[in-house]
*Asks:* 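Starting off with a structure, shown below.
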Amino acid sequence: MKERPTFPARLDFSVGKSKGNRPVPGVIHSGLSAGAKPPAGVLSHGVGLDSSAVRLNMVHKLAKQGITDPMVLSAMRSIERHRFVDSALVNQAYEDTSLPIGLGQTISKPGVVSRMAELLRNGASGRLGRVLEIGTGCGYQAAVLSLLASEVYSIERLRGLHDKARDNLRHLRLANLHLLFGDGMAGYAKGAPYAAIIAAAGGESVPQAWVDQLAMGGRLVAPVSAGVTSGGQQALVVIDKTPQGLRQTVLEAVHFVPLKSGIA
Ligand code: SAH
């Protein structure tokens, strides 16, 4: 796996005007605090009371793989990944592997979640501003992002997973995380402009709506297939919106579930 940008290229998309980093009225909240139960014991999830030790071990491995952003490492240490997977898979929760979460979808590998989070933060000293995530899935990455940004809007097109994420996240009571049900191909205009946009599903190109909703100086990280690499393989793409235009960087090969349009 390459750790460095390979062939940066300029793209000519129109650049939307930044409206500043104001709060968004009328946003649909996840209802995380409504009727929230007290946190369930770790033991009931079958990992044992020392899941923090297992997580710390995972974080050491991420650091060895090259993740250096202290805020990312700290978030990976805080969020209990085992709470986001089925009980039958709990013993694999801290391995660097993707796991099924139902409806044919998967939770991303910790290595990929932390890599993308680090790219998204791009060395920022404090938290990012507003972040848009496309593909909530089970909600794990959304929880990680909520520790790295002032506000996170996470959108999912499958009702079953949107509901599952809400259940999985309830115990964390993350007031800055907003779960949305809808087609993320259109982004979420009400929250724009975003300091950062991250996609957990890969399409053949980056939808124009995402680029339009990115703030000036913002960064988008997404898996993209076809066109960006020879052979149509999926790769991570970083797009920076600069006053001089868009700067696209194609990074290492990845394997994400497909980005689909519509809701189900
Ligand atoms: N970040 C997630 C990964 C989920 S897999 C996690 O931590 O679990 C990617 C998700 O993207 C799937 O749940 C899939 O349904 C969703 N997805 C695919 N196309 C989408 C679209 N157009 N809008 C919103 N979500 C989409």
Side-chain angles (χ1 to χ4, degrees), residues 28 30 55 58 62 72 75-76 78-86 89-90 92-120 131-149 152-170 172 174 177-191 194 196-211 213 220-225 234 236 254-264:
I28 309 154
S30 58
R55 228 167 12 260
M58 174 188 83
L62 295 175
V72 171
M76 298 300 291
S78 298
I79 302 297
E80 299 177 320
R81 192 171 184 258
H82 68 272
R83 288 179 181 264
F84 292 83
V85 299
D86 281 356
L89 300 171
V90 152
Q92 294 175 65
Y94 296 105
E95 289 169 20
D96 196 16
T97 176
S98 56
L99 295 167
I101 54 173
L103 302 176
Q105 308 303 316
T106 52
I107 180 174
S108 309
K109 291 158 85 156
V112 170
V113 171
S114 53
R115 166 78 167 139
M116 289 178 85
E118 182 163 270
L119 285 168
L120 212 61
V131 171
L132 174 67
E133 179 192 41
I134 292 97
T136 314
C138 67
Y140 171 71
Q141 180 169 271
V144 171
L145 292 171
S146 79
L147 302 181
L148 307 176
V152 175
Y153 298 84
S154 180
I155 188 160
E156 172 58 53
R157 64 178 289 275
L158 297 176
R159 170 69 75 180
L161 286 177
H162 169 75
D163 290 344
K164 185 182 250 190
R166 199 180 47 227
D167 289 347
N168 287 343
L169 288 160
R170 190 165 283 127
L172 287 169
L174 300 166
L177 173 55
H178 315 287
L179 299 185
L180 309 156
F181 172 58
D183 182 356
M185 296 270 257
Y188 181 63
K190 285 187 188 159
Y194 297 100
I197 299 180
I198 180 168
E204 291 192 355
S205 62
V206 171
Q208 183 64 40
W210 300 357
V211 175
Q213 290 172 22
L220 186 159
V221 181
V224 180
S225 50
Q234 222 179 37
L236 268 191
V254 282
H255 301 281
F256 278 82
V257 295
L259 181 71
K260 293 187 177 171
S261 56
I263 51 170

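Ligands are counted one by one from 1 in listed order, and the atoms in each one are counted from 1 as well. Keep in mind that this is a model prediction, so the values were computed, not measured. Residue numbers run from 1 in the order of the sequence given.
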*Asks:* Report yes if G184 has an N/O atom closer than 3.5 Å to an N/O atom of ligand 1; otherwise report no.
*Replies:*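 Yes, since at least one N or O of G184 sits under 3.5 Å from an N or O of ligand 1.
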*Asks:* Any atoms of ligand 1 less than 4.0 Å from a non-hydrogen atom of M185? List them with their elements.
*Replies:*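 With M185 as reference, the close atoms of ligand 1 come out as 22 (N).
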*Asks:* Within the 4.0 Å heavy-atom shell around I107, which atoms of ligand 1 are there?
*Replies:*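 With I107 as reference, the close atoms of ligand 1 come out as 8 (O).
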*Asks:* Is a side-chain N or O of R157 found less than 3.5 angstrom from the main chain of G262, in a donor-acceptor match?
*Replies:* yes
*Asks:* Is there a donor-acceptor pair closer than 3.5 Å between any side-chain N or O of Q213 and the backbone N or O of A186?
*Replies:*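 Checking the backbone N and O of A186 against the side chain of Q213, a donor-acceptor pair under 3.5 Å is found.
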*Asks:* Determine yes or no for a side-chain-to-main-chain donor-acceptor pair under 3.5 angstrom, with E156 supplying the side chain and T136 the backbone.
*Replies:*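 Indeed, once roles are kept as given, a pair shorter than 3.5 Å links the two residues.
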*Asks:* Is there a donor-acceptor pair closer than 3.5 Å between any side-chain N or O of T106 and the backbone N or O of P100?
*Replies:*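 It does not hold such a pair.
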*Asks:* Among L145, V113, L147, L169, which one satisfies side chain to side chain contact (heavy atoms under 4.5 Å, CB included) with I79?
*Replies:*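 Testing each of L145, V113, L147, L169 against I79, the sole residue satisfying side chain to side chain contact (heavy atoms under 4.5 Å, CB included) is L147.
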*Asks:* Nearest 0.5 angstrom please: Q92 CD to D86 CG, how far?
*Replies:*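 With rounding to 0.5 Å, CD (Q92) is 11.0 Å from CG (D86).
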*Asks:* Would you check whether A199 reaches within less than 4.0 Å of ligand 1, judged by its heavy atoms?
*Replies:* no
*Asks:* Under 4.0 Å, heavy atoms only, figure out whether ligand 1 is touched by the backbone of D183, its side chain, both or neither.
*Replies:* both
*Asks:* Counting from 1, what ligand 1 atoms have a heavy atom of V257 closer than 4.0 Å?
*Replies:* 5 (S), 9 (C)
*Asks:* Say whether, by atom type as modelled, one donor and one acceptor occur between the side chain of E133 and the main chain of A200 under 3.5 angstrom.
*Replies:*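 Answer holds: no.
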*Asks:* Using a strict 4.0 Å threshold on nitrogen-to-oxygen distance, state whether D167 and K164 make a salt bridge.
*Replies:* no
*Asks:* What protein heavy atom sits nearest atom 20 (C) of ligand 1, and how far off is it?
*Replies:*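 Looking only at protein heavy atoms, the one closest to atom 20 (C) of ligand 1 is R157 CD, 3.3 Å.
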*Asks:* Give me the residue, atom name and distance of the protein heavy atom closest to atom 4 (C) of ligand 1.
*Replies:* T106 O, 3.3 Å
*Asks:* Roughly how far, to the nearest 0.5 Å, is the CD1 atom of I134 from the CD1 atom of I155?
*Replies:* 7.5 Å
*Asks:* Tell me the protein heavy atom at minimum distance from atom 15 (O) of ligand 1, and give that distance in Å.
*Replies:* E156 OE2, 2.7 Å
*Asks:* Around atom 7 (O) of ligand 1, find the nearest protein heavy atom and jot down its residue, atom name and distance.
*Replies:* Q141 N, 3.1 Å
*Asks:* Among all the protein's non-hydrogen atoms, which is closest to atom 9 (C) of ligand 1, and how far away is it?
*Replies:*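 For atom 9 (C) of ligand 1, the nearest protein heavy atom comes out as A200 O, 3.2 Å.
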*Asks:* If I apply the N/O under 3.5 Å rule, does S108 come out as touching ligand 1?
*Replies:*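 Among all N and O atoms of S108, none is under 3.5 Å from an N or O of ligand 1.
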*Asks:* A201 heavy atoms, cut-off 4.0 Å: which ligand 1 atoms fall inside?
*Replies:*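 Close to A201: 11 (O), 18 (C).
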*Asks:* Would you check the N or O atoms of C138, main chain and side chain alike, for any that come under 3.5 Å of an N or O of ligand 1?
*Replies:*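 Yes, since at least one N or O of C138 sits under 3.5 Å from an N or O of ligand 1.
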*Asks:* Could you check which of A142, P258, P223, G135 puts a non-hydrogen atom nearest to atom 18 (C) of ligand 1?
*Replies:*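 Of the listed residues, P258 has the closest heavy atom.
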*Asks:* Scan N168, I107, V85 and name whichever one has a side chain to side chain contact (heavy atoms under 4.5 Å, CB included) with Y140.
*Replies:* I107
*Asks:* Which distance, rounded to the nearest 0.5 Å, do you find between the CE of M185 and the CD of Q208?
*Replies:*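 The CE atom of M185 sits 13.0 Å away from the CD atom of Q208.
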*Asks:* Looking at L161, which atoms of ligand 1 are within less than 4.0 Å of one of its heavy atoms?
*Replies:*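 Counting from 1, the qualifying ligand atoms are 13 (O).
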*Asks:* Ignoring hydrogens and angles, state whether a donor on the side chain of Y94 or R81 is under 3.5 Å from an acceptor on the partner side chain.
*Replies:*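 Per modelled atom types, Y94 and R81 side chains form no pair under 3.5 Å.
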*Asks:* Can you tell which part of Q105 has a heavy atom less than 4.0 Å from ligand 1: side chain, backbone, both or neither?
*Replies:* side chain
*Asks:* Run the contact test for T136 against ligand 1 with a 4.0 Å cut-off on heavy atoms, strictly below, and give the result.
*Replies:* yes
*Asks:* What atoms of ligand 1 come closer than 4.0 angstrom to any heavy atom of L158?
*Replies:*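 Ligand 1 atoms under the 4.0 Å threshold to L158: 15 (O).
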*Asks:* Give yes or no for whether the N/O distance cutoff of 3.5 Å, strictly under, is met between K260 and ligand 1.
*Replies:*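 The answer is yes, given that K260 and ligand 1 share an N or O pair closer than 3.5 Å.
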*Asks:* Return the OG to CE distance between S108 and M116, rounded to the nearest 0.5 Å.
*Replies:*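 Rounded to the nearest 0.5 Å, the OG-CE separation comes out at 7.5 Å.
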*Asks:* Backbone or side chain, does any N or O of E133 fall under 3.5 Å from an N or O of ligand 1?
*Replies:* yes
